[in-house]
Undergrad: 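Starting off with a structure, shown below.
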Amino acid sequence: MTTKPSLPAREITDGPVPKHAQLRDILSELCRTTLKPGDLLPGERLLEEAYGVSRITVRRAIGDLVAAGRLRRVRGKGTFVAPNPLVSRMHLASFSDEMGAQDVSASSKILLSGRASPPEEVSEFFGTDPSITHTHLRRLRLGDGEPYSIDDGWYNANYVPNLLENDVYKSVYAILDADFEVPITEADQTVTAIAATAEVARLLDVAEGTPLLHIIRYSRSNDKPVEWCSSVYRTDRYRLTTRVGRALDV
């Protein structure tokens with residue numbers, strides 16, 4: 001039997017702050033202090049009765065938090081606390097390491113694995129003939145069981161000849177370092193925005209056409225081109241942050 005969470009003992013009153021904004025703050029506090037990602041939000045009728053507000057007020061408060069990425073609606077099931085967004089500070093770290101640093105449990109689902117001739121862009125980066133086959137690994141990346149991203153990676157067979165004999169459900173970067181002695185030391189990244197195709201939308205549990213963050217990474221181990229990876233991320237679950245400085249006039 002599921003125990004219903006106790007609601008914050010707050011009174012919603014008429015005043016300069018709209019009622020929906022007051023309720024939004026209450027629900028935000030509930031998500032922060034009582035509920036955890038994946039928990040079901042109390043029903044609309046319960047919120048109406050608890051705070052003496054209208055159904056319109058409740059739906060507007062919930063809608064604000066859905067738009068902010070704090071809540072997510074699941075048709076036919078209800079409204080749930082959304083997973084915590086993963087914040088990447090644009091440094092070289094695996095998905096698993098970034099998740100672990102933010103107390104989120106990382107896991108993967110293998111969508112494709114094998115050896116194949118890569119796209120021209122990949123063979124050019126690896127510096128190999130287009131007919132040479134390399135390892136192709138496509139994974140759905142999960143945080144606390146929820147989809148965050150899809151990584152579509154190619155790995156240079158000259159330096160990583162039998163990658164798929166390892167446990168690629170976990171950190172590939174750790175495997176590159178420990179088993180093949182080609183740790184990723186530097187990378188160039190290109191960041192753009194794309195719309196979710198029907199297949200990608202299904203895997204990431206978003207609507208077709210939803211804007212996604214698209215990152216292509218060209219990774220090296222010193223001077224060795226080791227990995228080419230195209231990743232798409234849910235924007236409500238992944239954020240990029242970086243610090244920039246103003247160039248001084250010479």
Side-chain angles (χ1 to χ4, degrees), residues 69 82-102 104-113 116 118-127 134-144 146-156 159-160 163 168-177 182-222 224-244:
N84 295 319
L86 175 64
V87 179
S88 174
R89 291 177 173 80
M90 295 296 284
H91 62 287
L92 275 176
S94 69
F95 179 86
S96 299
D97 287 342
E98 287 188 326
M99 284 289 195
Q102 298 178 55
V104 178
S105 176
S107 60
S108 299
K109 179 180 179 181
I110 306 298
L111 303 175
L112 180 153
S113 64
E120 182 178 354
E121 182 179 0
V122 177
S123 59
E124 287 182 357
F125 174 59
F126 287 167
H134 296 281
T135 298
H136 189 193
L137 179 62
R138 191 167 186 248
R139 296 176 292 170
L140 175 64
R141 312 309 301 273
L142 307 167
D144 288 338
E146 297 285 347
Y148 273 66
S149 68
I150 299 170
D151 289 349
D152 192 8
W154 290 86
Y155 298 88
N156 194 331
Y159 308 114
V160 192
L163 174 63
V168 292
Y169 284 93
K170 298 180 179 179
S171 172
V172 168
Y173 278 17
I175 295 171
L176 296 178
D177 187 0
V182 282
I184 299 300
T185 57
E186 62 181 49
D188 296 317
Q189 292 190 149
T190 301
V191 183
T192 58
I194 63 171
T197 63
E199 179 190 6
V200 168
R202 177 180 59 82
L203 291 169
L204 292 181
D205 192 22
V206 297
E208 185 176 353
T210 296
L212 302 174
L213 192 66
H214 182 212
I215 300 178
I216 296 180
R217 176 180 280 193
Y218 305 81
S219 303
R220 301 176 180 82
S221 181
N222 297 313
K224 300 173 181 176
V226 173
E227 175 201 50
W228 181 99
C229 188
S230 173
S231 301
V232 289
Y233 297 86
R234 284 185 54 149
T235 56
D236 60 336
R237 297 181 181 171
Y238 191 88
R239 300 173 185 170
L240 290 174
T241 64
T242 185
R243 176 175 294 178
V244 297

Undergrad: Calculate, to the nearest 0.5 Å, the distance between atoms OG1 and CD belonging to Thr197 and Glu199 respectively.
TA: 6.0 Å
Undergrad: Tell me, do Thr135 and Val160 make a side-chain contact under 4.5 Å, heavy atoms counted?
TA: no
Undergrad: Just by distance, do the side chain of Ser221 and the backbone of Pro183 share a donor-acceptor pair under 3.5 Å?
TA: yes
Undergrad: For residues Asp205 and Arg234, determine if any side-chain heavy atom of one lies less than 4.5 Å from a side-chain heavy atom of the other.
TA: yes
Undergrad: Testing the basics here: between Leu163 and Ile175, what is the closest heavy-atom pair and its distance to 0.1 Å?
TA: CD1-CG2, 3.9 Å
Undergrad: Does Ser219 form a side-chain contact (heavy atoms from CB on, under 4.5 Å) with Val226? I'd like the steps, not just the answer.
TA: CA-CA 6 Å; Ser219 303; Val226 173; 5.7 Å; no
Undergrad: With no hydrogens and no angle check, is any side-chain donor or acceptor of Arg139 less than 3.5 Å from a backbone partner on Gly153?
TA: no
Undergrad: Can you give me the closest heavy-atom contact between His134 and Tyr155, atom names plus distance?
TA: CB-O, 3.4 Å
Undergrad: Any side-chain heavy-atom pair from Asp152 and His136 closer than 4.5 angstrom?
TA: yes
Undergrad: Provide the closest heavy-atom pair for Arg220 versus Pro225 in the form atom of the first, atom of the second, distance.
TA: CG-CA, 4.1 Å
Undergrad: Enter the distance from Lys170:NZ to Ser107:OG here, rounded to the nearest 0.5 Å.
TA: 11.5 Å
Undergrad: Look up atom CG in Leu213 and atom OH in Tyr233, then write down how far apart they are to the nearest 0.5 Å.
TA: 7.5 Å
Undergrad: List the atom of Ala195, the atom of Gly209, and the distance in Å for their closest heavy-atom pair.
TA: CB-O, 3.8 Å
Undergrad: Going by the rule ring-ring contact (aromatic ring centres under 6.0 Å, His included), which residues pair with Phe125 if we only count those two or more places apart in sequence or in a different chain?
TA: Tyr218
Undergrad: Before giving the answer on side-chain contact (heavy atoms from CB on, under 4.5 Å), spell out for Leu140 and Leu204 the whole-Å C-alpha distance, their side-chain angles and the decisive distance to 0.1 Å.
TA: CA-CA 8 Å; Leu140 175 64; Leu204 292 181; 3.9 Å; yes
Undergrad: Quick one: are Trp228 and Ile216 in side-chain contact, heavy atoms under 4.5 Å?
TA: yes
Undergrad: Measure across Tyr148 and Leu142 and return the closest heavy-atom pair with its distance rounded to 0.1 Å.
TA: CD1-C, 4.3 Å
Undergrad: Given side chains that start at C-beta, do those of Leu203 and Pro147 come closer than 4.5 Å, heavy atoms only?
TA: no
Undergrad: Distance check, rounded to the nearest 0.5 Å: Ile194 atom CD1 versus Thr210 atom OG1?
TA: 11.5 Å
Undergrad: Rounded to the nearest 0.5 Å, how far does OG of Ser149 lie from NE2 of His214?
TA: 11.5 Å
Undergrad: Minimum heavy-atom separation for Cys229 and Ser231, please, with both atom names.
TA: SG-OG, 3.6 Å
Undergrad: Atom CG in Asn156, atom OG in Ser123: separation rounded to 0.5 Å?
TA: 10.5 Å
